[in-house]
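Atoms within each ligand, like the ligands themselves, are counted from 1 in listed order. Count residues from 1 along the sequence.
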Amino acid sequence: ASEAKDYDVIFIGGGVAGYVGAIKAGQEGLKTACIEKRGMLGGTCLNVGCIPSKSLLNNSHLYHQILHDTKKRGIDVGDVKLNLKQMMKAKDESVAGLTKGVEFLFKKNGVDYIKGAGAFVNEHEVAVNLVDGGQTQIKGKNIVIATGSETTPFPGLTIDEKKVITSTGAIALEQVPKRMVVIGGGIIGLEMASVWSRLGSDVTVVEFLGQIGGPGMDADIAKQAHKILAKQGIKFKLGTKVTKGDASGDIVKLDVEAAKGGKQETLEAEVVLCAIGRRPYHEGLGLENIGVEVDERKRIVIDQEYRTNIPHIRVVGDCTFGPMLAHKAEEEAVAVVEFIKHGTGHVNYGAIPSVMYTHPEVAWVGQNEKELKDAGIKYNVGSFPFTANSRAKTNLDTDGMVKFLSDAETDRILGVHIIGANAGEMIAEGTLALEYGASSEDVARTCHAHPTLAEAFKEAAMATYSKAIHF
Ligand code: FAD
Ligand code: NAD
């Protein structure tokens with residue numbers, strides 16, 4: 001047999017964490033390989049996550065708006081029809097363009113793309129079962145695990161991606177289900193509930209907690225989001241747990257009851273979406289062969305420099321600690337290469353934004369009120385509603401608000417929370433402010449163009465230490 005090819009760094013997994021790291025490593029002059037078993041680069045995010053879901057969110061929003069929100073704008077439209085096949089095709093084209101783009105970037109930066117499933121043979125060597133058949137073996141001075149995450153299954157319900165689906169099925173349904181029940185009112189649940197409700201499905205979201213939005217979302221904002229999404233037609237059962245599921249017939253039946261016990265009922269739907277969270281994925285990687293430590297929640301254990309207990313094997317992205325977000329994975333990927341090449345790297349985990357791409361969008365960065373209270377930090381609150389913002393008024397899109405939380409003593413910004421159209425773009429300014437340690441007064445004294453939604457951001461900052469002008 002021929003000798004295994006030698007690399008400075010091997011990335012196992014070609015998702016956002018793996019592909020970004022591989023490109024960065026190539027740019028740093030490291031001899032780099034990236035192993036991906038899916039047959040496509042981009043991982044969950046590009047293939048079945050961020051990108052396809054945003055395509056469907058954007059186009060279902062347009063459809064819904066054309067159906068329900070044009071008359072008052074002076075636009076009379078004729079017969080509006082949904083062409084779901086074409087909507088899915090548009091999504092697939094966006095995905096294909098982006099994944100091909102990553103392949104091009106690999107070539108440009110001298111990264112070897114190895115299509116197959118990698119598994120550790122020993123601490124330095126990885127065997128790859130190639131997608132096109134056969135096997136190869138490569139050797140790395142450094143190996144970075146970036147194998148991502150998978151849907152947490154719901155006990156008792158078998159996923160078939162037709163009647164009982166994960167987000168992967170939810171971005172590929174061939175027809176609009178008459179009724180859909182979503183288990184879990186977190187980000188996936190609410191984004192997918194929005195898509196299918198806008199396209200005509202009767203959607204019910206069952207959420208265990210008393211609040212939607214999953215971990216991190218500020219309670220005030222979550223309450224507003226709940227109200228607005230309910231007005232759009234999504235039904236909610238909060239503080240409710242699913243106790244049993246039966247998918248044996250054409251209709252899926254779910255027994256639900258109040259989370260605290262008590263009232264019970266059976267929900268029926270053509271399609272049930274399981275969206276109760278995701279868990280790290282590293283099946284078949286052979287971690288046990290080399291003794292890499294994994295915790296009780298399947299996260300691969302690392303130190304501050306992303307090193308496992310075997311120091312030249314590091315981990316980034318969804319398969320280790322922290323929020324399961326593409327941009328978090330991307331930051332870690334760059335940092336891990338900097339550690340490998342230069343010995344230093346940095347990610348500010350206190351300034352990672354979160355965005356829910358419903359309409360209106362919800363976005364936040366930093367701490368929420370509950371987290372500040374729990375930490376005993378004294379803070380000021382400043383908020384500004386979009387109803388008082390001139391651009392939102394001209395857009396006839398005034399749902400939502402901006403909310404600032406800043407240190408009561410120093411005025412340093414501790415958190416920014418937005419619900420409103422374009423919140424996902426606007427949060428970048430909050431993230432920059434947080435990263436630079438700005439005070440709310442720093443933001444309020446920065447000139448913002450008129451008329452823009454960003455003026456609501458400035459005025460909320462102003463309201464934190466003084467008074468807003470327009471409210
Ligand atoms: P992944 O993207 O999961 O990539 C891991 C890759 O490793 C996979 O392609 C897998 O095939 C490969 N792999 C696994 N094992 C092996 C092996 N042994 N050998 C070779 N290859 C292997 N995040 C956001 O920030 N914004 C969003 O809008 C957003 N929307 C989302 C919507 C949905 C429906 C979902 C499910 C997720 C969404 N996320 C979003 C989360 C985001 O997709 C993840 O945080 C991100 O993909 C993590 O990147 P990763 O590289 O760590 O893992
Ligand atoms: P999540 O953790 O955001 O939400 C899961 C929700 O399900 C929680 O609210 C939880 O209370 C609820 N839940 C758990 N068990 C339940 C049960 N038995 N019955 C009813 N409700 C239950 O997880 P998710 O929405 O599945 O998303 C997974 C990951 O993907 C998250 O880390 C998320 O950040 C990421 N993601 C991000 C985006 C984005 O950035 N726009 C979009 C999609 C997914």
Side-chain angles (χ1 to χ4, degrees), residues 11-21 34-54 56-57 99 114-120 126-129 131 145-152 154-155 166-168 170-171 182-192 205-217 222 237-243 254 256 259 273-287 315-320 322-330 332-333 352-358 361-363 424:
F11 284 85
I12 308 180
V16 178
Y19 91 69
V20 169
C34 180
I35 306 168
E36 170 56 59
K37 69 174 181 176
R38 186 186 293 268
M40 295 289 239
L41 291 169
T44 303
C45 176
L46 261 65
N47 292 284
V48 290
C50 328
I51 298 302
S53 63
K54 264 81 258 181
L56 292 179
L57 277 157
T99 52
I114 303 174
K115 285 190 193 178
F120 284 97
V126 181
V128 187
N129 273 325
V131 168
I145 300 170
T147 48
S149 62
E150 61 178 356
T151 303
T152 307
F154 189 84
T166 67
S167 52
T168 301
I171 55 159
V182 178
I183 311 177
I187 306 287
I188 291 187
L190 297 177
E191 288 187 351
M192 288 300 121
V205 175
V206 181
E207 166 57 50
F208 185 79
L209 301 175
Q211 169 183 323
I212 60 166
M217 194 180 287
K237 290 196 175 293
L238 304 189
T240 303
K241 65 180 176 199
V242 176
T243 51
L254 293 179
V256 302
L273 166 62
C274 297
I276 58 167
R278 292 178 64 82
R279 63 183 186 191
Y281 175 83
H282 37 72
E283 236 165 73
L285 201 53
L287 292 183
V315 189
V316 289
D318 279 11
C319 59
T320 187
M324 289 187 178
L325 294 171
H327 42 280
K328 173 264 193 187
E330 181 167 354
E332 289 185 341
I352 293 177
S354 293
V355 181
M356 176 169 90
Y357 296 85
T358 47
E361 292 178 348
V362 174

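- Closest to atom 18 (N) of ligand 1 among all protein heavy atoms lies Gly118 O, 3.0 Å.
- Here the shortest heavy-atom distance to atom 12 (C) of ligand 2, taken over Glu207, Met217, Glu191, belongs to Glu207.
- The part of Val206 lying near ligand 2 is the backbone, judged by heavy-atom distances below 4.0 Å.
- Remark: distances from the non-hydrogen atoms of Lys54 to ligand 1 include one below 4.0 Å.
- Of all protein heavy atoms, the one lying nearest to atom 32 (C) of ligand 1 is Gly49 C, 3.3 Å.
- Within the 4.0 Å heavy-atom criterion, neither part of Thr151 lies near ligand 1.
- The protein atom (non-hydrogen) at minimum distance from atom 32 (O) of ligand 2 is Met324 CB, 3.4 Å.
- Atom numbering of ligand 2 starts at 1 in the shown order; those under 4.0 Å from a heavy atom of Arg278 are 28 (C), 29 (C), 30 (O).
- Among protein heavy atoms, atom 26 (O) of ligand 2 sits closest to Gly277 N, 3.0 Å.
- Here the protein heavy atom with the shortest distance to atom 20 (C) of ligand 2 is Phe208 N, 3.3 Å.
- By the criterion of a heavy-atom distance under 4.0 Å, neither the backbone nor the side chain of Lys328 is placed next to ligand 1.
- Among protein heavy atoms, atom 41 (C) of ligand 1 sits closest to Met324 O, 3.6 Å.
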